[in-house]
Amino acid sequence: MYKEYKQLNLSQTGKEILEFWKQNNIFEKSISSRPANNPYTFYEGPPSANGMPGIHHVMARSIKDIFCRYKTLKGYQVKRKGGWDTHGLPIELAVEKALGITKDDIGKKITVKEYNDACRKEVMRYTDVWNDLTEKMGYWVDLNDPYITYKNEYIESLWWILKQLYDKDLLYKGYTVQPYSPKSGTGLSSHELNQPGTYKMVKDTTIVAQFKVKRDQDSAFLFEGVTADLFILAWTTTPWTLPSNCALAVGENITYVKVNTFNPYTFEPICVVLAKDLVKKYFKAEGESASFEDYKGGDKVIPWTLLAEFKGSQLLGIHYEQLMPYVTNADLEKNAFRVIPADFVTTEDGTGIVHTASVFGADDFRACKENDVPSVMVKDENGKEVPLVNKQGRFVDEVTDFAGYYVKEEYYSDAERAEKDFKPTDVLISIKLKTENKAFDVKKYEHSYPHSWRSDEPILYYPLDSWFIRTTAVKDKMVALNKTINWKPESTGTGRFGNWLENLVDWNLSRSRYWGTPLPIWRCDYFSKGFQREICVGSIEELKEKGVYFYFDEAKAFFQKESVEDIIAFLEIDNPDQTDYLDIEEYKMLIDKGILELKHFIQNCPKRDVLVKKYSCTIEEYFKNEKMGMDLHRPYVDNIILSKEYDGVLQYYVREPDLIDVWFDSGAMPYAQWHFPFENKEEFKNAYPADFIAEGVDQTRGWFFTLHAIAVMLSECSDEVKAVNEEVGNGGVAFKNVISNGLVLDKNGNKMSKRLGNGVDPFETIEQFGADAPRWYMISNASPWDNLKFNTEGIDEVRRKFFGTLYNTYSFFVLYANIDKFSYSEAEIEISKRPEIDRWIISLLNTLTLEVDGFYADFEPTKAARAIQEFVDAHFSNWFIRLSRRRFWRSDNSDDKLSAYQTLYTCLITISKLMSPIAPFFADRLYNDLNGVTGKEEFESVHLAYFPTYHKELVDTDLEERMKLAQDVSSLVLSLRKKIGINVRQPLSKILLPILDKDFKVHVEQVKELILSETNIKDIEYITDTAGFIKKKIKPNFKALGQKVGKDMKAVAEAISNFTQEDIAELDANGSIGVLDNKYLIVDTDVDIIAEDVPGWQVANMGKLTVALDVTITNELKQEGIARELINRIQNLRKEKGLEVTDKINVSISDHPYIGEAVKNNLSYICAEVLAAGIVLDSELNEGDLVTIDENEILIVISKI
RNA sequence: GGAAAUAUAGCUCAAUGGUCAGAGCAGCACCCUUAUACGGUGUCGGUUAAAGGUUCAAUCCCUUUUAUUUCCA
């Protein structure tokens, strides 16, 4: 017996199927049942488990799940290793919030160890919730053995990768301009800059400076008609950056002008260049007409006159004299102090020309780099290049006039600022420039400027050390390989991602945080030349071998406690000199201040060897002593020092304190998830590269990028990876196909956010609807890469329309299959021997199979879902089953009935497979409810079955066409019935079909019976136009005509539309007719001719199809109509009284003249329809149910026999 | 500021270089059904965001603009 259900309950179904999967390990079997040598690789982008999952995760994971399940159906072994992203800022911030601390407190109020322990706990906080969702939504991913990015093994793989890059010089330390707080001596992250209260209004001294143009070939055109010195004007709100000026930036499309005037401070005649739009800002209108000859220094109105205008692009390359020539060199003279283009230049403020100091602005830095402009730098005592402002925020000595001056007023103490003669540096610079004829305009200007939220003083944009990955070195390969990746949608790959690759800059890897993968680089700064100053550690083994754990705190405590003499003795210094004492003294002082760094401690200590020896142990010993496992995180790794012998002397290396960007963690997952290359080399090879990945479009420059970048770089610089690539035939990508899905918005198109409270709880949704309906809704509603406006009503619609319909088709099948004990045990009836309608639905089913297969293969799940939905609803349920119902009622066991069962069953089981990737629960229920009874297939679950095979030979397009014809004719007839008000129960004698081509009649004849029964018509007649009374309509076929007549289309179309019935007849007869005085010969393929009307008949048209209906109702037809009405009433009563469809009945009805005769004349028909043994016409009947037929009331009594 | 996507009926989405731009939902009216208010028939609803251009012909191709969203500065 097939299972019967009272009603569709997707939520319940979901729970039961979930339990079934668990009990029977269906997921495991879906992998183990597929051959290992036929892998399909999917990479799970690791979610971070420190936040609750939202409904958008259901979307993203449904997409992943669909293709994994699909590929399983296609026979691939699809392993899906889960993963967790466990490092990074969000976790640190969550911990800081929970503990009520800030980043500054780490290492003070709380130790790094305690802090990182808290992070480790925090990061897996919602794991259970995530696992629960994963399970409930039916996302199959291996949660038992996930990769976790904070594990030692994972980090070791990262280190290995970094070493590969390092060895090929793709990892380097360089500069980047970052917000920097001189007082706290640290950089600020962009997140810190986004804290409220950071931006404050301040009044700064601003200068429009005059940059004197050098006269040479490039600038010659500018000097035309110029008699005075020629200057370019540039504005700055940070005068202290002027000594570092190295370029002037213009907008290439901005219009600039040349103006003759006088300097307002020196009164010298000058000619200046600035943006045309800003002229009125600096020059008074009355000055334009003022006389140059009459001008005297100090006059309020300064004369000026416009000389010429030109585009920014013309100014490019022009050299000017350095404004404040404190520091220069040959390189600067040649390549700096010139005009460069920049896209950030506007004419909103200033002069439309931007003073550019490469080291003090991120935009400046980038613009200078792009244009190969060197920076104005000096060498410090270590020979290292540093900017003109030091880390305390003071000018260096080379800036002689201002050496040691703080660049920002706020950095001075209050006392200093209160002194009478105190002047801010910006003002001093202004004064100097004014006297040198270099300042055009000096003003106070109020604007908002970021402040450090720690110390409340203005920040500097300052170049800081950072570690970079030289991604630019492999840019071309990354661009080229990107073109081999199949992006869905394509535009994300070519546009968003492609453009990003085209403008690639080196990857800034450094993060000054605590909870993350430590940068495995140890440095020794002791010698400056001729010495290998860095060690990049590529494995734990290497670390243990070269490194020792140094008990820094204990050593400090010792130095603190003991006297200098004792320490000298401890260090076994036999003949201490004065510096040794001083060094130890300094240590003690620095320890007191709490600022002694390990680096300094080790590298400057006399007799370092002794110190290290006495206060260190092997790494293994350390962790053993601590009674804990090895941990590569801070703070442990910070206290590991490496040593290497050089010329017989041991040198010590201290780790660079940076962590690496968490994106590197996830981008390295193809390797690190397997602990490659230390373990699992086979697993890695079998799962590289990914065939398919999917994440949100916001990952384009995140995970998608880091995966790609790391893969391409390793394909260049790792022999192991190269070998694998060669073996698996990979050009160097990490993934071959990628879907970047859009966002899930609320139903009004707003972003879901906690603040607005418009988020949708995935658990509630699944509890209410099960997982299938939301999944189907999200997939079928819009393509994954479009944003989805999530509306719960939409889920309900999907439930009713799609799942409801499908459920009903199953219920229908079960209702009769259980009665007839159909279990598919009979031999298969050959398809060719089945009736027209069976062959038709089988044909469509095969077409559908092919289509859906193609859509899945093409990563178009939406099209797949829509095709399935359309098939189920329009064809399967509302045509095939609707028209086949009577075949199941028949009591005999004919071949026709068997054929109907077999066909229906095949459709259902096939649908269950086709839909299973998207709606895994319902599909499995459907499959097992059917297959569990018939045992036709040996699979326990639809997810272990194989994708249906497409049988080309079963597709009959002719048949599909004529069934379409039947549907259209039926639709037209029903439409006509509606129009004239004759309902379907009233039989009518015939319809009339005009024949327009030869095949038409043959086609209709084959589906004639279906049309007749569907529309309750007795016969179809055909007429040809030879009868002459069909009115025809002719329409031009524009596509065909377009090529032929071109520009004359309008006239030709007009002529054709004006054809008379005779013209049409002539065209029909001759096959052609001339138009526009026979300029063109119109043949029958140039036009569409339809029969528009049959005079005297009720006529309806649809495209080329025309149907005429005979509305005459004879007495006989009327009686049959009454009989049908009666049948309908009796059937309703049967249902009302809860009779089974197989119950036989006796019927008595009151003898009414209107009804009686109709009953007598159609007695056997009525009895057969309602399963009545007989019908008694009883004029005495005074009880029973009152029914109305055509306003005649009668009583009916039915009784079960 | 840059890049990308989207814009079609009240809502969610289709379609096409060709002359009636379609479905579904929602609303209204009627109808059918021993699988099911599932559906059917009709009705209501559109300057295909705006403006230009290419073309015999543009909702579709091109340009500009506007709006929304995302990513990056």
Side-chain angles (χ1 to χ4, degrees), chain A residues 7-8 190 251 342-346 348 362-363 366 489 491-492 494-500 502-503 696-702 740 742-743 745 747-751 777 780-783 785-789 791 793-794 796-798 800-801 804-816 862 866 869-870 873-874 877-879 881-882 885 888-889 970-979 981 983-985 1014 1016 1035-1053 1057 1103 1127-1128 1130-1136 1139-1143 1169-1171:
Chain A
Q7 60 176 26
L8 176 67
S190 59
D343 50 22
F344 53 80
V345 179
T346 68
E348 301 270 303
D363 280 341
R366 184 168 50 85
S491 61
T492 302
T494 54
R496 193 179 277 215
F497 196 66
N499 291 339
W500 161 255
E502 293 289 348
N503 299 311
V697 68
D698 52 326
Q699 294 294 340
T700 308
R701 286 166 195 187
S740 74
L743 303 169
L745 308 169
K747 64 178 176 182
N748 299 318
N750 298 315
K751 236 172 115 170
Y777 162 69
S780 66
N781 189 63
S783 284
W785 34 89
D786 290 331
N787 287 349
L788 173 72
K789 290 182 191 167
N791 190 346
E793 284 169 35
D796 199 46
E797 190 184 321
V798 162
R800 285 201 328 264
K801 256 189 85 63
T805 303
L806 194 53
Y807 161 79
N808 282 327
T809 60
Y810 170 78
S811 306
F812 175 82
F813 169 79
V814 172
L815 180 62
Y816 292 101
T862 306
R866 286 177 180 172
Q869 201 168 281
E870 169 75 9
D873 192 53
S877 172
N878 282 305
W879 194 254
I881 294 186
R882 186 180 158 87
R885 275 178 306 197
F888 295 92
W889 302 344
S970 300
S971 168
L972 286 173
V973 173
L974 294 173
S975 163
L976 283 170
R977 279 180 168 277
K978 156 82 188 167
K979 203 161 106 194
N983 70 14
V984 186
R985 274 195 290 268
E1014 178 66 9
N1016 199 12
K1035 268 164 56 177
N1037 179 341
F1038 286 91
K1039 209 164 194 169
L1041 276 172
Q1043 296 159 10
K1044 197 183 214 169
V1045 307
K1047 283 186 197 287
D1048 288 327
M1049 179 62 96
K1050 258 183 191 142
V1052 172
S1057 306
I1127 291 166
N1128 168 256
I1130 296 172
Q1131 300 289 28
N1132 288 346
L1133 284 177
R1134 282 184 62 115
K1135 201 173 179 186
E1136 226 172 80
L1139 298 182
E1140 294 295 323
V1141 292
T1142 46
D1143 290 337
E1169 286 295 307
V1170 301
L1171 295 184

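Sequence lines set the chain letters: A, B, ... in the order given, protein chains first and strands last, and positions in each chain run from 1.
Remark: the separation of the C1' atoms in B/A26 and B/C44 is 11 Å, to the nearest Å. Comparing B/U47 with B/A29, their C1' atoms are spaced 30 Å from each other, to the whole Å. Spacing between B/A3 and B/U8 at atom P, rounded to whole Å, works out to 24 Å. Rounded to whole Å, the separation between the C1' atoms of B/U48 and B/A14 comes to 13 Å. The same atom, C1', is picked in B/G52 and in B/C11; the two are 32 Å apart, to the nearest Å. B/A9 and B/A21 are spaced 11 Å apart, taking the C1' atom of each and rounding to whole Å. The P atoms of B/A67 and B/C56 are separated by 35 Å, rounded to the nearest whole Å. The separation of B/A58 from B/U16, taken at their C1' atoms, amounts to 11 Å, rounded to a whole angstrom.
For A/V984 against A/N1016, the heavy-atom pair with the smallest separation is O-ND2, 2.7 Å. What you find for A/R866 and A/S780 is that their closest heavy atoms are NE-O, 2.9 Å.
Pairing for B/U68 is with B/A5, a Watson-Crick or G-U wobble pair whose two hydrogen-bonding atom distances lie under 3.5 Å. B/C38: no Watson-Crick or G-U partner with both key distances under 3.5 Å is found in any strand. A 3.5 Å limit on both hydrogen-bonding distances identifies no Watson-Crick or G-U partner for B/G45. Both distances falling under 3.5 Å, in either a Watson-Crick or a G-U wobble arrangement, place B/U63 opposite B/A51. Checking B/A57 for Watson-Crick or G-U wobble geometry (two distances, each under 3.5 Å) identifies no partner in any strand. Of the nucleotides present, B/U12 is the one that pairs with B/A23 by Watson-Crick or G-U wobble criteria, both distances under 3.5 Å.
In terms of position along RNA chain B, the nucleotide closest to A/E870 lies nearer the 5' end than the nucleotide closest to the other residue of the pair A/E870 and A/F812. For the pair A/R882 and A/T805, nearest-nucleotide mapping onto RNA chain B gives the more 5' position to A/R882.
In this structure, the separation between CG on A/L1133 and CG on A/N1128 is 9.5 Å, given to the nearest 0.5 Å. Remark: A/E1014 CD to A/R882 CZ distance equals 4.5 Å, nearest 0.5 Å.
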Determine, stepwise, if the pair A/K801 / A/Q869 fulfils side chain to side chain contact (heavy atoms under 4.5 Å, CB included). CA-CA 9 Å; A/K801 256 189 85 63; A/Q869 201 168 281; 5.5 Å; no
Could you go through the side chain to side chain contact (heavy atoms under 4.5 Å, CB included) check for A/F812 and A/I881 one step at a time? CA-CA 9 Å; A/F812 175 82; A/I881 294 186; 3.8 Å; yes
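A/R1134 places a side-chain N or O within 3.5 Å of a backbone atom of A/D1143 that can act as its donor or acceptor partner. Under a 3.5 Å cut-off, the side chain of A/N878 and the backbone N or O of A/A874 do not form any donor-acceptor pair. The closest donor-acceptor contact from the side chain of A/R800 to the backbone of A/T805 lies at 3.5 Å or more, if one exists at all. A donor-acceptor distance shorter than 3.5 angstrom exists from the side chain of A/T862 to the backbone of A/A782, with no hydrogens or angles considered. Side chain of A/N787 to backbone of A/L743: a donor-acceptor contact under 3.5 angstrom is found. Of the possible polar contacts, none joining the A/Y777 side chain to the A/E793 backbone as a donor-acceptor pair under 3.5 Å is found.
Under 4.0 angstrom from either OP1 or OP2 of B/A35 there lies at least one side-chain N or O belonging to A/Y816. Within the 4.0 Å cut-off from OP1 or OP2 of B/U36, not a single side-chain nitrogen or oxygen of A/S811 is found.
One can place CG of A/L743 at 11 Å from P of B/U69, the figure rounded to the nearest angstrom. Here the C1' atom of nucleotide B/U34 and the CG atom of A/L1171 are 9 Å apart, to the nearest Å. The distance between atom CG of A/N1016 and atom P of B/C32, rounded to the nearest whole Å, is 12 Å. Straight-line distance from the CG atom of A/N878 to the C1' atom of B/A35: 11 Å, rounded to whole Å. Per the geometry, CZ belonging to A/R885 stands 14 Å off P belonging to B/G39, to the nearest Å. Across the protein-nucleic acid pair, A/W500 atom CH2 and B/C72 atom C1' stand 7 Å apart, rounded to whole Å. As a whole-Å value, the separation of A/K801 NZ from B/A23 P is 13 Å. Here the P atom of nucleotide B/A29 and the CZ atom of A/R977 are 24 Å apart, to the nearest Å.
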Protein-proximity profile, nucleotides 59-65 of chain B, B/S/- by nucleotide at the 4.0 Å heavy-atom cutoff, equals -------
Expected string for nucleotides 2-18 of chain B under the B/S/- scheme (protein heavy atoms, under 4.0 Å, primed atoms plus P, OP1, OP2 as sugar-phosphate) is -SBS------SSS---B
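Note on A/Q1131: a base of the nucleic acid sits closer than 4.0 angstrom, heavy atoms only. Within 4.0 Å (heavy atoms only), A/N1128 reaches sugar-phosphate atoms of the nucleic acid but no base atom. Within the 4.0 angstrom heavy-atom criterion, base atoms lie near A/E1169.
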